[in-house]
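For reference, the structure discussed in these notes is given below.
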2 protein chains.
Amino acid sequence: MKIAEVSEKFGISSDTLRYYERIGLIWPVNRTASGIRDYSDLDLRRVDFIKCMRSAGLPVEVLIDYVALVQQGDETIQARKEILKEQRALLAARMQEMQKTLDILDHKIEVYENAVLKKEKEIMQEQALEIA
Amino acid sequence: MKIAEVSEKFGISSDTLRYYERIGLIWPVNRTASGIRDYSDLDLRRVDFIKCMRSAGLPVEVLIDYVALVQQGDETIQARKEILKEQRALLAARMQEMQKTLDILDHKIEVYENAVLKKEKEIMQEQALEIA
DNA sequence: CCTTGACTTGGAGTTAACTCCAGGTGATAC
DNA sequence: GTATCACCTGGAGTTAACTCCAAGTCAAGG
């Protein structure tokens, strides 16, 4: 699969895909004889993983470290697990913050809703007075 | 309340508080005769609101627009509600993305956990062989 | 065969959101 | 009263994460 197809498939620009590879966020992708990237199924799964992690806000730097550990083999399993656990905790904390904000937004929207309804009612009564 | 105290209370730097005021993210704060900011209770509630919205990732630019509408009075209630509803939807979508990532992280952590346990077991068996 | 278009690289530019700095003023501690 | 400290402003600098650009190479269509 060529870079433009991968870009299309995941909604990530070709520039970003090359950037990710350059900084070590995804493994080096196989090339055709003329040097053009040819993404394998494994490459696609790696892109998908990084896309998922990035979409949740995990920092690029942390993910680079993680990928480097994966490349170093089985000896780093413990270290990888620790990274994921830490990022999992941070993510859960962010989500809790966001839930708090969501609740406040819902409350404010409801208050505004009531304010709008009240105003409409007043206007209707004014119109009723005009007709009377 | 002086800026350093507000900074302490909310965990927002004085620089950021001044920056927020400068760009219109929070209302102008009352000053003492010599020009020093003196945050009122209302100011504190505004800071708290902005802190909450920012912590959930609502863009500064959107919040500036929202605050400007609040300052324009009751005529803008409908427009304000629309902004909040849109941001609420975006926030919920981000949270869903993050939940997906959280699930994947939990799965991976579990896989790593099992890998670590398996390795420990192998080592124990080796030790048992040595002793035997 | 030649043009068009997708690909390549290294490096520069952009964006959002702060964060820091220099230079200056007023208030407080000793 | 003087030294230190928090505060002020306008503007410059930083950081993360892309995003764009110039200049060059290769492959396929007409």
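Labels below follow one simple rule: chain letters A, B, ... track the order of the sequence lines, proteins then strands, and each chain is numbered from 1.
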If I take atom [atom1] in residue [X] and atom [atom2] in nucleotide [N], what distance separates them, rounded to the nearest angstrom?
X	N	atom1	atom2	value
R22(A)	dG10(C)	CZ	C1'	7 Å
I12(B)	dC20(C)	CD1	C1'	18 Å
I50(B)	dA17(C)	CD1	C1'	14 Å
D15(A)	dC21(D)	CG	P	10 Å

Out of [options], whichever nucleotide has its closest atom nearest the side chain of [X]:
X	options	answer
T16(B)	dT19(C), dT8(C), dC18(D)	dT19(C)
I3(B)	dC7(D), dA17(C), dA27(D)	dC7(D)
R31(A)	dA27(D), dT9(C), dT19(D)	dT9(C)
A4(B)	dA6(D), dC7(C), dA17(D)	dA6(D)
R18(A)	dC18(C), dT8(C), dA27(D)	dT8(C)
R37(B)	dA17(D), dT9(D), dT19(C)	dT9(D)
S34(B)	dG26(C), dC18(C), dC21(D)	dG26(C)
I36(B)	dC7(C), dG10(C), dC8(D)	dC8(D)

Requested in this report: For P59(B) and for T32(B), locate the closest nucleotide of DNA chain C by heavy-atom distance; then report the residue assigned to the nucleotide nearer the 5' terminus.
Outcome: P59(B)
Query raised in the report: So, is Y20(A) near the phosphate of dC18(D), with a side-chain N or O under 4.0 Å from OP1 or OP2?
Result: yes
Query - Backbone N/O of D103(A) and side chain of D106(A): donor-acceptor pair under 3.5 Å - result: no
Query raised in the report: Can you check side chain to side chain donor-acceptor pair (under 3.5 Å) on R80(B) and Y66(B), steps first, answer last?
Result: CA-CA 6 Å; R80(B) 284 185 244 164; Y66(B) 176 78; 5.2 Å; no
